[in-house]
Amino acid sequence: MMAFVRRTTSPAVYVSGARAALAALVLGFGAIAHPAAAAPPAKAPPKPAASEPQQKPVTTIAVVDVQFLLEKCSAMQSMKRQDSEQTQKFQAEQSQQEQLLRQAEKELANQRTVLGQEAFDAKRKDFEQQVAEVQRRLQERKRQLDNAFSAASAQLRDSMVHVVGEVARENGATLVIPRSSIIYMADDAQDITNTVLLRLNATLPQITVNIPN
């Protein structure tokens with residue numbers, strides 16, 4: 001057999017759709033900036049009188065467990081469910097196309113002894129074009145899926161940044177850092193993870209991944 005048919009896109013490549021989005025989000029939160037980034041710019045404080053000593057601004061730090069938020073928030077759970085559904089559909093489509101190509105390849109091989117060389121070469125060329133077209137369609141579908149999940153993960157990240165900023169301001173924090181970047185944290189350190197999770201779930205209970213038909 002000529003073995004033209006080969007798996008063009010490993011299912012494992014797409015299975016990581018939501019997990020890749022989660023990983024990208026975690027990396028994107030390597031440093032959650034000042035919560036004021038999610039709020040209107042504050043007015044400049046009045047200049048102190050010349051005789052008054054200037055006080056240095058105090059930085060109040062809050063901590064958030066980004067990995068925990070992304071694993072537990074309902075929006076990411078909804079993305080994972082959609083990822084699983086799309087993975088199954090993609091794998092089924094891929095298996096169906098591969099089966100059709102194998103059948104066509106088998107039929108072509110059976111005609112080798114009954115066709116002239118010129119006729120056989122023409123049929124083989126048609127088959128190769130068919131294989132290339134299947135590969136193109138599968139790769140285009142994978143690209144659409146990747147783009148859809150990337151857009152959904154960006155929506156989740158924006159919502160999380162906004163909620164972190166809100167909770168931080170309410171707790172008087174001027175800087176929020178991810179728990180993964182901490183070497184030492186005292187027992188009384190301000191961890192706002194649970195509050196952020198509850199509000200994020202209320203604000204964005206799910207995300208619809210917009211996948212083209």
Side-chain angles (χ1 to χ4, degrees), residues 1-33 37-38 66-108 123-165 178 180 196-197 199-213:
M1 191 171 292
M2 290 169 286
F4 282 110
V5 182
R6 56 180 61 86
R7 186 170 290 274
T8 58
T9 306
S10 171
V13 174
Y14 173 63
V15 168
S16 61
R19 290 194 292 274
L22 187 150
L25 282 168
V26 172
L27 293 174
F29 276 97
I32 301 180
V66 177
Q67 182 72 36
F68 177 82
L69 288 176
L70 292 174
E71 289 179 350
K72 300 299 182 181
C73 72
S74 57
M76 178 56 78
Q77 297 304 317
S78 71
M79 285 180 61
K80 288 181 177 179
R81 287 192 296 271
Q82 292 170 83
D83 180 37
S84 178
E85 293 172 0
Q86 292 301 323
T87 296
Q88 293 177 12
K89 290 181 181 179
F90 184 83
Q91 290 177 344
E93 179 183 359
Q94 184 176 21
S95 296
Q96 181 184 34
Q97 293 298 325
E98 289 178 346
Q99 184 177 359
L100 291 174
L101 288 176
R102 289 193 185 98
Q103 182 62 32
E105 184 183 29
K106 183 178 180 180
E107 292 175 358
L108 179 61
K123 282 186 172 293
R124 182 176 62 181
K125 183 177 181 180
D126 290 341
F127 174 73
E128 291 172 347
Q129 290 176 346
Q130 184 180 358
V131 172
E133 176 60 21
V134 169
Q135 291 176 334
R136 186 197 65 77
R137 289 203 307 267
L138 289 175
Q139 290 170 357
E140 174 62 18
R141 187 58 175 168
K142 180 183 178 300
R143 185 190 66 79
Q144 291 176 342
L145 293 171
D146 289 344
N147 289 343
F149 276 94
S150 293
S153 65
Q155 181 184 354
L156 175 56
R157 183 186 188 283
D158 291 345
S159 295
M160 187 177 296
V161 169
H162 179 75
V163 172
V164 167
S180 60
V196 171
L197 178 60
R199 190 170 303 182
L200 181 61
N201 285 343
T203 303
L204 189 68
Q206 65 179 7
I207 291 179
T208 300
V209 182
N210 296 316
I211 299 173
N213 294 325

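Counting from 1, the numbers follow the sequence of the chain as shown.
I207 and S78 get closest at one heavy-atom pair: N-OG, 3.0 Å. The minimum heavy-atom distance linking F90 with L138 is given by the pair CE1-O, 3.7 Å. Summarising the geometry of E93 relative to R141, their closest heavy-atom pair is OE1-CG, 4.3 Å, with the distance given to 0.1 Å. Between A148 and N210, the shortest heavy-atom distance links the atoms CB-O, 3.3 Å. Considering every non-hydrogen atom in both S74 and L204, the closest pair reads OG-O, 3.8 Å. The minimum heavy-atom distance between V131 and L101, with the atom names listed, is CG2-CD2, 4.0 Å.
Distance check, rounded to the nearest 0.5 Å: CD of Q77 to NZ of K72 gives 7.5 Å. Atom CD of Q130 is separated from atom NZ of K123 by 11.0 Å, given to the nearest 0.5 angstrom. Taking CE of M160 as the reference point, atom OG1 of T203 lies at 11.0 Å (rounded to 0.5 Å). One distance of note links CG of L156 with CG of L200; it measures 6.0 Å at 0.5 Å rounding. To the nearest 0.5 Å, atom CD of residue Q67 and atom CG of residue L69 are 9.5 Å apart. A distance of 10.0 Å separates CG of L197 from CG of L70, quoted to the nearest 0.5 Å.
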Go through the steps for Q86 and Q82 under the test side chain to side chain donor-acceptor pair (under 3.5 Å), then give the verdict.
CA-CA 6 Å; Q86 292 301 323; Q82 292 170 83; over 6 Å; no

Would Q99 and R102 count as a side chain to side chain donor-acceptor pair (under 3.5 Å) here? Give the steps.
CA-CA 5 Å; Q99 184 177 359; R102 289 193 185 98; over 6 Å; no

Go through the steps to decide whether D126 and L108 satisfy the test side-chain contact (heavy atoms from CB on, under 4.5 Å), and finish with yes or no.
CA-CA 10 Å; D126 290 341; L108 179 61; over 6 Å; no

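Here the side chain of S153 pairs a donor or acceptor atom with the backbone of F149 at under 3.5 angstrom. The backbone N or O of Q91 sits nowhere less than 3.5 Å from a side-chain atom of Q96 that would complete a donor-acceptor pair.
Between E128 and K125 there is no salt bridge, since none of the side-chain N atoms of the basic residue sits less than 4.0 Å from a carboxylate O of the acidic one. Using a cut-off of 4.0 Å between Lys/Arg side-chain N and Asp/Glu carboxylate O, E133 and R137 are scored as salt-bridged.
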